[in-house]
Amino acid sequence: MFISVDGGDGVGKTTLVEKLAAYYDLYYLKKPIDTFLCVKEPNDLRHRISKLVQKFVYEVNKSEKLKVAFNSSLLLHYKRKLKNEDAIVDRGMLSCYMFNGGPETEPTFDKYIEKGLEFDICFFLTASPETRRERMLKRNPNDEDLKNGNLDKLTAGQIRAIEYAESRGIPIAIIDTDGKTAEEVFEEAKEIMDKYLEMNPSARKKAPAKAEAEPGE
């Protein structure tokens, strides 16, 4: 089973991924490039190399197709590598589409889907620009995305990504996180997951680890 949680900054992706990974005993693919380069500690040599690679691909490089190919290649690599695992990804293909999707890059996205970059469920979290701004301010008041208009761009990208997913038959589960606690979002996602697993019992590659019994049980 290969699951992704997508959406713009401030919608609650990482919190949901962590909760789903823990509850369903999923391998958590937090950041494919750091995993690929075996980054273990912040600011170690491998971490600095990862930052340099990302800076080149996403800032220095001006080719949107190369950005899509770089991101999609990493995701496809780990989907194949984790073929015997049940895994969840923080920022999958649709997150990339939010930033780099459009008429020029759609053939590249389509190519990777044809190669096998498919997800069993793509949870797509949404929130209003006001909600995202409030959450991002609490997390990091100096976040550059709060100053350069990226929130408005991501709102447009959010719509495009949903339209792309629906046009390609990608199994997208949209959850609006406005006015909801992290636990409420998790419960909504859990209901979707449980229904999917009930209908597709063979989707899991292995049985989840059994929780330890409480004292007295």
Side-chain angles (χ1 to χ4, degrees), residues 2-11 13-14 17 27-40 42-83 87-120 122-126 132 136 143-172:
F2 202 52
I3 306 292
S4 74
V5 177
D6 295 285
D9 288 352
V11 294
K13 294 186 302 299
T14 301
V17 170
Y27 178 91
Y28 178 12
L29 183 59
K30 186 173 184 179
K31 200 166 189 179
I33 181 61
D34 283 354
T35 304
F36 187 78
L37 293 173
C38 301
V39 175
K40 298 189 182 300
N43 299 316
D44 66 4
L45 178 59
R46 291 179 183 273
H47 184 258
R48 292 197 293 272
I49 291 172
S50 175
K51 288 292 186 183
L52 285 172
V53 170
Q54 292 176 75
K55 184 177 180 63
F56 172 77
V57 173
Y58 296 115
E59 296 179 27
V60 178
N61 161 59
K62 301 303 179 184
S63 170
E64 296 300 308
K65 290 182 180 179
L66 180 57
K67 294 174 185 177
V68 172
F70 175 79
N71 183 76
S72 300
S73 294
L74 281 170
L75 290 172
L76 184 58
H77 166 75
Y78 278 105
K79 182 177 181 187
R80 291 170 175 169
K81 185 173 182 178
L82 299 169
K83 62 182 180 180
I88 189 164
V89 181
D90 188 347
R91 294 181 184 248
M93 179 175 63
L94 295 180
S95 289
C96 180
Y97 196 96
M98 287 186 65
F99 290 94
N100 311 113
E104 177 189 352
T105 56
E106 272 193 9
T108 306
F109 281 102
D110 291 343
K111 177 181 177 182
Y112 279 92
I113 292 175
E114 291 171 7
K115 286 184 173 184
L117 184 54
E118 298 175 337
F119 295 82
D120 293 282
C122 293
F123 287 104
F124 197 95
L125 307 188
T126 65
R132 284 186 282 131
M136 291 168 70
D143 193 316
E144 287 299 316
D145 285 338
L146 291 167
K147 306 172 185 177
N148 57 17
N150 265 5
L151 285 178
D152 293 330
K153 293 177 185 176
L154 284 179
T155 298
Q158 174 178 286
I159 295 170
R160 291 199 311 272
I162 292 172
E163 290 175 345
Y164 175 76
E166 292 175 341
S167 71
R168 298 308 192 269
I170 295 170
I172 184 172

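Scope of the values below: all heavy atoms of this structure, side chains included, with no hydrogens, waters or symmetry mates.
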Do V5 and D90 come close enough that some side-chain heavy atom pair is under 4.5 Å? no
Original post:
Do K13 side-chain atoms and G10 backbone N/O form a donor-acceptor pair below 3.5 Å?
Top reply: no
Is there a donor-acceptor pair under 3.5 Å between the side chain of S50 and the backbone N or O of R46? no
Residues passing the side chain to side chain contact (heavy atoms under 4.5 Å, CB included) test with T105, sequence neighbours excluded, are E64, K65, V68, F109
When rounded to the nearest 0.5 Å, the distance separating CG of L74 from NZ of K81 is 11.5 Å
Interatomic distance, CG@L29 vs NZ@K79, rounded to 0.5 Å, equals 13.0 Å
Fill in: Distance-only polar pair, side chains of S63 and N61, donor-acceptor under 3.5 Å
no
Here the gap from F123 atom CZ to I172 atom CD1, rounded to the nearest 0.5 Å, amounts to 11.0 Å
Cation-pi check, K67 onto F70 ring (under 6.0 Å, within 45° of axis)
no
Nearest heavy-atom contact between Y78 and P32 is CE1-O, 3.6 Å
Open item on the list: Is a donor from one side chain sitting under 3.5 angstrom from an acceptor on the other, for Y97 and N71?
Closed with: no
Review point. Hey, are E106 and R168 close enough for a salt bridge, meaning a charged N less than 4.0 Å from a carboxylate O?
Key: yes
One should read off an interatomic distance between H47 NE2 and K31 NZ, to the nearest 0.5 angstrom, of 6.5 Å
Tightest non-hydrogen contact, residues D6 and G92, listed as OD1-N, 2.6 Å
If you define the side chain from C-beta out and look only at heavy atoms, does anything of F124 sit under 4.5 Å from M98?
yes
### Message
Could you check whether atom OH of Y28 has more than 12 heavy atoms from other residues, nucleotides or ligands sitting under 6.0 Å from it?
### Response
yes
